Amino acid sequence: MTGLSTPTPAASAAARVRALVDGRRRFIPVAVSGLVLVLLFAVGSVRYTGFAEPQVMLNLLVNNSFLIVLAVGVTFVILAGGIDLSTGSVLALSAMICAWLLREGWPPLLVIPVALLAGAAIGFLQGCIIHFYGVQPFIATLGGMFFARGLCYLISTESIPITDPLFGTLAQARVPLPGGTSLSLGAVVALAAAGAAAFVLHRTRFGRSVYAVGGSESSAMLMGLPVGRVKIGVYTVSGFCAALGGVLYTLYIASGNSLHGLGMELDAIAAVVIGGTLLTGGFGYVLGSVVGVLTLGTIQTILVFEGTLSSWWTRIVAGVLLLVFILLQRALAPRTVK
Amino acid sequence: METAAGPAVQMSGIVKDFPGVRALDGAGLHLEPGEVHALLGENGAGKSTLIKVLTGVHRPDAGSIEVGGRPVAVDGPQDAERHGIATVYQEVNLCPNLSVAENVLLGREPRGRFGISPRRMNRRAAELASGMGLDLDVTRALGEYPIAVQQLVAILRAVDLDARVLVLDEPTSSLDRDEVRILFGLVERLRSRGVAILFVTHFLDQVYELCGRMTVLRNGRPVGTFTTDELDQRGLVGLMLGEQAGELDRVEGRAHEGAPPPDEPPLLHARGLGREGGVAPYDLDVAPGQIVGLAGLLGSGRTEAVRLLFGADRPDSGSLEVDGRLVSLRTPRAPIAAGLAYCSEDRKAEGLVADLSVADNLLLAMQAARGWMRPMPRKARAELVERYISALRVRTASPDTPVGALSGGNQQKVLLGRWLIMRPRLLILDEPTRGIDVGAKAEVQRLVAAEAEEGTAVLFVSSELEEVLRLSHRVVVLRDRRVVSALDNDGGLDVDGVLAEIAEGGAR
Amino acid sequence: GSGGGQGGQGGGDDTIVLGFSQVGAESGWRTANTESIKAAADEAGIELKFSDAQQQQENQIQAIRSFIQQDVDVIAFSPVVESGWDTVLAEARTAGIPVVLTDRAVETGQEDVYETFLGSDFVEEGRNAGRYVVEEFADSDEDVNIVELQGTTGSAPAIDRKEGFAEIIGEDDKFEIIASQDGDFTRAGGQEVMQAFLGSHDDIDVLYAHNDDMALGAIESIEAAGLKPGEDIKIVSVDGIKAAFQAMAEGKINQVVECNPLIGPQLMDLVEKVHAGEEVPERVEVEEGVFGQDQAEEELPNRQY
Amino acid sequence: MAAQTRRLAWPLLVLVGLLAANAVATPGFFAVTVKGGRLYGSLVDILHFGAPLLLIALGMTVVIALRGIDLSVGAVVAVSGAVACEIIVAAGDPSSPGAVAGAVAAALALSALLGLWNGFLAAVLRIQPIVATLILMVAGRGLAQLITDGQITTVTSEPYRGIAAGSLAAVPYTVLMAAVTVLVMWVALRRTALGLFVEAVGGNAEAARLAGIRATGLSVAAYAVCGLCAGLAGIVISANTGSADGNNAGLWIELDAILAVVIGGTLLTGGRFSIAGTVLGAVIVQTLSTTVYTMGVPPESALVFKAVVVFVVCLLQSPRFRAQVAAPFRRGGPPAPAGGAGGPAPEEEDGTMPTATGDGRPDPREVRR
Ligand SMILES: Nc1ncnc2c1ncn2[C@@H]1O[C@H](COP(=O)(O)OP(=O)(O)OP(=O)(O)O)[C@@H](O)[C@H]1O
Ligand SMILES: Nc1ncnc2c1ncn2[C@@H]1O[C@H](COP(=O)(O)OP(=O)(O)OP(=O)(O)O)[C@@H](O)[C@H]1O
Ligand SMILES: [Mg+2]
Ligand SMILES: [Mg+2]
């Protein structure tokens, strides 16, 4: 009656398919990223013996568990229109705190919460600086990056090995899967974190507000959403995730070292963006970030399996694979991202 | 809802300073439960600012606010909602990346066992929409809808808040008469439930139809509060505009006299221009000095049609000739070079660069046409800016003020000025009078008519049929994204005639 | 021998498959190290699977895992950092693949996770540099002011070379390190930090650089300050790259403590022995020396990198 | 413009503070002498070593103003130095000015080309800038090492070394080069309409396109200029040590450059930019590292020190922070503010905050509390 009625579904099947795709437009980038990842993997399997084994695929998760957790945290921040450069350093700091406190004889069950708390606290402080004082996220978290890394150095410039039996047990713990394969505890935790994040983002008010703030901060404010809480919240989540990544990293590597996770913040951001999340905020999925991490992991695996590349060709090929991935993604999903 | 004793809202002595301007200077407001109250004033008078002070977006420099008889310090929109104040702001302030349903229900989503239930949310939003006579796919992203629909969604959101006070800042600027009817019905229902409604608009007819009392602001100062019975339209305009009111008389009635110019070869000659999923291929001729109005309902494709002409969207069929010469429509650059100008309907997203100054925004198109190598000489620049600011009566602290700090109507004037400065041969105006006050609207209409008189061809899109009829020599009617007919406006045409054409034209 | 039974390439014929995980290519020293290993593998008829970790431990762990997956005969690697290898080394042992470490050792709580370690002793290198300084200033009874250009903060060579040096000069308190900063192992870093040292101290007697590149950078700054490197300020550095010998021949560096990257032949020898199941010593030192200005001229042609 | 100068006042204050701290720690800090026909002293060092950073930050400013970002500048630095050095080494006579000029030209051309490539990916194919340039960031260093065969190539060419070591009227070439680039950028952006176009496209790309500005072309050009600047910085860095280090040259300089740009008040969200701010930002960043060296901050606390200074600079730029810091002093002082009328004091202090208009960024979209 108002002339606003949507056009009646066109008769032709083609139109119906288009309508179907249309309605799910926002999933296209993620779907395409997943597809390209599968392609990449398929090429690897054809090329290298031993590549297509189930355990190799699972190892992608095992080897990148901490990066998945990092990327999950960064997803929150990027969705809210911010950026977090401190994650790599916070990961190192968390690992460092674990190693240091264990060496000091703290009980492991106390050490882990302390490390997580420290990460969340750094994230919280960054969030406060960004929200209350209007400091640009890039700078605030760059400062946080220096700060966390600096704290690592202050704790110790030397590597601290972890000999705690509980950490050892956790590190060795394997969740058996059919076909003689298994996942490490870290990988399971990472998947759980991703699942929890997806739940929070899609099924809670906080999560939806994250998208809203990313879509338009001033609108979100005028819509009566708690913008401040959301902004501080996402950085806290990111800090927490980085610290959790650090704990997983200690399981993986059994030591704290002030040089751990150098440049990992960029890997995390790249993974998120590769997964189809827009850096301008408000658009993307946790699943995409996981796909992004697996993509980076697959590229790394291909490089390892190649086995003949010199150091510089390794880098060039890594860049080229990234390019191929992105171009394929672009070609397969035209006109989805404005 | 508690039965509040005393006024729903009482603001008095509000002062608000922005750098360089005192936006409010002792302004006040008295809202009773169960009344529809108009807030009036010319562009930049301080209406939106007063509203933002009420909802806590701006903190007043002085003055007091009482809600439901109790003094309050409103601390932001969230707090305002807690005090029972729901607001639709002037610019659409929603999240384009979220679905329509979410925009309506964000912050109070229905929850199921596993957190928010999208199913229930969509159902609820669809109910609300259809309750307002809207048939929308609520799962689609809001950004996919044109601005008018977005405005309706904003209203839906506010209405659903179930508030004691509903503030509507120019809710009807993008709507056509059917939507306005629905909105009015809704407002009436709320009013009878005892909700106090504050209504800002530049359509005075709507004020007299809907409101009981009105408060007039001028230059941030209160002029007074009147009932609609004690003050007629003319008197109201006089109060709003002050000494300039006399000018209004000149644009009452038809903007131009006499018949359209004699049949010249068309300046603009479009054949089969169309775009898949946009507007069906159409033909259009516009002669120099001719004003062609585009009429149609919301979403009928007017905007899409004119965007093709300008290369704002790339057409996938058809051709455009200007003066017999083929114009490439890959980007707007060739059409601009051929003398076309396009004033977009969405000034926030497609028109102005909010961070740049008024002067820079005014001169942007001209500078782009001159190329980067030839910056405008400082003096010529200042002169032009000065001329157009005063010609369009842009209220700004200085030409260097960022355009984003201007009131909505003044922003619209700047956008219009950008293209008038170009002295185009064909001016495409998409809703150019959206949100500008009565005085300025008359001014714009006069300007358009004057331009046409001097030989500029004009394509005029407006949701206000009266305006279209008053200005154009010819009216092109669109429906369901196709051109259905073209009518000569030679005296025999009236609003009802066009409405009939919109409703059933092309059915032949 | 090759464990596992997934039909990898290693088991069947008698070419040995060696998986080698390199730290990266962060310096000329490292590149020479890589080249030497590749050339030696070629020579020895060993099939080399090479993987570059780009200075990241997790990449290296991943590489070792994939070597296990690909069922190589022997795994060798230069650890990025010393700790954190227990898990993956245990995996290698379970798969029955022997591991040889190069360049630096790992700290581990477990026994027998690797067969042998072939590499330099960074602490000893630091001591050697210290011994030079002590010797050089043996006759002087004035205070000796030393500035130190450290390697990347937190890296093993930086920590060890600092420690070894401090241990020797600490024996006499006329030696004092008046400034010590991170020069990041690069020429640019060395140059910039040295310039700042020169600005804030005007009584520098000795420069100790944790690697040659930083020393070379520092020489630029010393010259720009109008001083003579090697005379006004004595310079001792570690590594022994060609450019450093060149500078030493020109009298700009006084002492170079060699840290030899050309371990390829020694490594292949060990790999063959390990593969054959022979006994190997737990630790094999790389052959390296200490060179002064008098040897520079004659040693220069022998420098390969 | 007044607002802009006012905004730069606080970073300037931090710079002055840093310099003063240095002067206290090192008595001769401000001394500038002439050594070997060239100005010499800590202040000159800051400018000399800060020149590459400044060059990169200038290019980055334009890219950022256009809502982009370029992570590959560090890699381009490495490539540029590698190309120049390899060509010089391969030349018959490395010391001939002709060979050096050719090498530098080739390196700069390649850098611009790499920038163009970034621009193509980011602006034409519309890949998000951060990943688009990440590709070159990863592959570029490999390319540089491929060119140098993984070695640090040393050149012994007087003219090439002269690029960094030489001076004109005692002013080091590097400083002159940076100054000239600043001037060229300023003229190109502020004396023509380019700056306006950049700000328009960065502020609202769609509006700029509809106004007839070639947004895509502009962005591509900006990336190319950024590449060129990085290439020039690469030459300076490489000439400084007379060597090309594919792995380490310009490592992490992209972060420092972005930091400099942002300290200078340019928003990462695009739009308005400030060249003067970028210059100031770059000088602050460089002074910061020099301070660490001269004051003898131990390497393990250097990063914390840097973080603290970065936070101080940022926080000082926030009016709200200034108000909060000032509040206790003001309240303690004898002329207490006339209370009563406008509510509690702290609220009044930040009363201008919500629209951020008090500080030169009057953007109604950024309504913030
Ligand atoms: N954020 C701001 N910063 C600076 N000045 C502002 C800001 N918001 C509004 N102003 C100024 O305050 C005055 C009042 O503006 P306001 O938006 O309240 O007018 P209005 O009555 O709503 O006009 P319109 O009918 O055009 O919407 C104008 O002069 C405007 O320039
Ligand atoms: N109810 C609706 N459902 C879906 N899409 C709609 C609806 N109404 C409008 N649209 C969108 O509107 C576009 C056409 O609107 P356009 O803006 O061209 O119309 P218009 O006549 O200019 O209307 P307006 O007055 O809103 O500017 C179509 O592309 C369509 O996607
Ligand atoms: Mg208004
Ligand atoms: Mg329209």
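So you know, we letter chains A, B, ... as the sequences are listed, proteins then strands, and number each from 1. Values below: all heavy atoms of this structure, side chains included; hydrogens, waters and symmetry mates excluded. Predicted model, so just to flag it, every value in this text is computed and none were measured.
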Among A/Ser258, A/Gly263, A/Pro161, residue most engaged with chain C (heavy-atom pairs, under 4.5 Å) = A/Pro161
ask   = Tell me, do C/Glu58 and A/Tyr249 make a side-chain contact under 4.5 Å, heavy atoms counted?
value = yes
task = Report the residues that fulfil salt bridge (charged side-chain N to carboxylate O under 4.0 Å, His left out) with A/Arg315, sequence neighbours left out, ordered by chain and then residue number.
result = none
query = Of the listed residues (A/Trp313, A/Tyr153, A/Tyr252), which shares the most heavy-atom pairs with chain C below a 4.5 Å separation?
reply = A/Tyr252
ask   = A/Phe305 versus chain C, heavy atoms under 4.5 Å apart: side chain, backbone, both or neither?
value = both
Engaged part of A/Ser156 at the chain C interface, taking heavy atoms whose separation is under 4.5 Å = neither
message = Within the structure provided, determine whether A/Ser255 and C/Trp85 are in side-chain contact (heavy-atom separation under 4.5 Å).
response = no
message = Once side-chain contact (heavy atoms from CB on, under 4.5 Å) is applied, do any residues pair with A/Ser184, and if so which ones, sequence neighbours excluded?
response = A/Val62, A/Arg174, A/Ala187
task = Could you tell me which of C/Thr87, C/Asp86, C/Ile61 has the largest number of non-hydrogen atom pairs under 4.5 Å with chain A?
result = C/Ile61
key: Atom group of C/Gln62 that falls short of 4.5 Å from chain A, counting heavy atoms   = both
query = Do C/Arg65 and A/Asn59 pass the side chain to side chain donor-acceptor pair (under 3.5 Å) test, and can you show the C-alpha distance, the side-chain angles, and the key distance before you say yes or no?
reply = CA-CA 9 Å; C/Arg65 288 229 164 95; A/Asn59 275 353; 5.4 Å; no
inquiry  = Just to verify, what does A/Arg47 make a side-chain contact (heavy atoms from CB on, under 4.5 Å) with, not counting sequence neighbours?
reply    = A/Glu306
request  = Tell me, yes or no, whether the heavy-atom count around C/Glu282 atom CD, taken from other residues, nucleotides or ligands under 6.0 Å, exceeds 12.
outcome  = no
inquiry  = Measuring from atom CG of A/Leu309 to atom NZ of C/Lys49, what distance do you get when rounded to the nearest 0.5 angstrom?
reply    = 11.0 Å
query = What are the two closest heavy atoms between A/Ser311 and C/Gly24, and how far apart are they?
reply = OG-O, 3.8 Å
ask   = Quick one: what part of A/Gln172 sits under 4.5 Å from any heavy atom of chain C, side chain, backbone, both or neither?
value = side chain
key: Heavy-atom contact with chain A under 4.5 Å, split by part of C/Ser51   = side chain
query = Quick one: what part of C/Gln56 sits under 4.5 Å from any heavy atom of chain A, side chain, backbone, both or neither?
reply = side chain
query = Which residues from residues 27-35 of chain C are near chain A, with near meaning under 4.5 Å between non-hydrogen atoms?
reply = C/Thr31, C/Glu35
key: Interchain contact, A/Thr250 with chain C, by part (heavy-atom threshold 4.5 Å)   = neither
note = Smallest heavy-atom separation, C/Ile159 atom then A/Glu158 atom, equals CD1-CG, 3.4 Å
inquiry  = Within this structure, what is the CD-OG1 distance for the pair C/Gln69 and A/Thr301, rounded to the nearest 0.5 Å?
reply    = 10.0 Å
Engaged part of A/Phe51 at the chain C interface, taking heavy atoms whose separation is under 4.5 Å = neither
task = Please look at A/Trp312 and chain C and tell me whether the side chain, the backbone, both or neither of the residue comes under 4.5 angstrom of a heavy atom of that chain.
result = side chain
query = When only pairs under 4.5 Å are counted, which of C/Glu91, C/Lys38, C/Gln57, C/Gln22 shares the most heavy-atom pairs with chain A?
reply = C/Gln57
key: chain C contact via A/Leu259 - which portion, at a heavy-atom distance below 4.5 Å   = side chain
message = Counting only heavy atoms not in C/Phe77 (residues, nucleotides, ligands), do more than 12 fall under 6.0 Å from its CZ?
response = yes
inquiry  = If you count heavy-atom pairs within less than 4.5 Å of chain C, which of A/Asn63, A/Leu303, A/Ile253, A/Asn257 leads?
reply    = A/Ile253
message = Less than 4.5 Å to any heavy atom of chain C: does that hold for the side chain of A/Thr163, its backbone, both, or neither?
response = neither
inquiry  = So, taking the atom named OG in C/Ser83 and the one named NE2 in A/His260, what distance separates them when rounded to the nearest 0.5 Å?
reply    = 6.0 Å
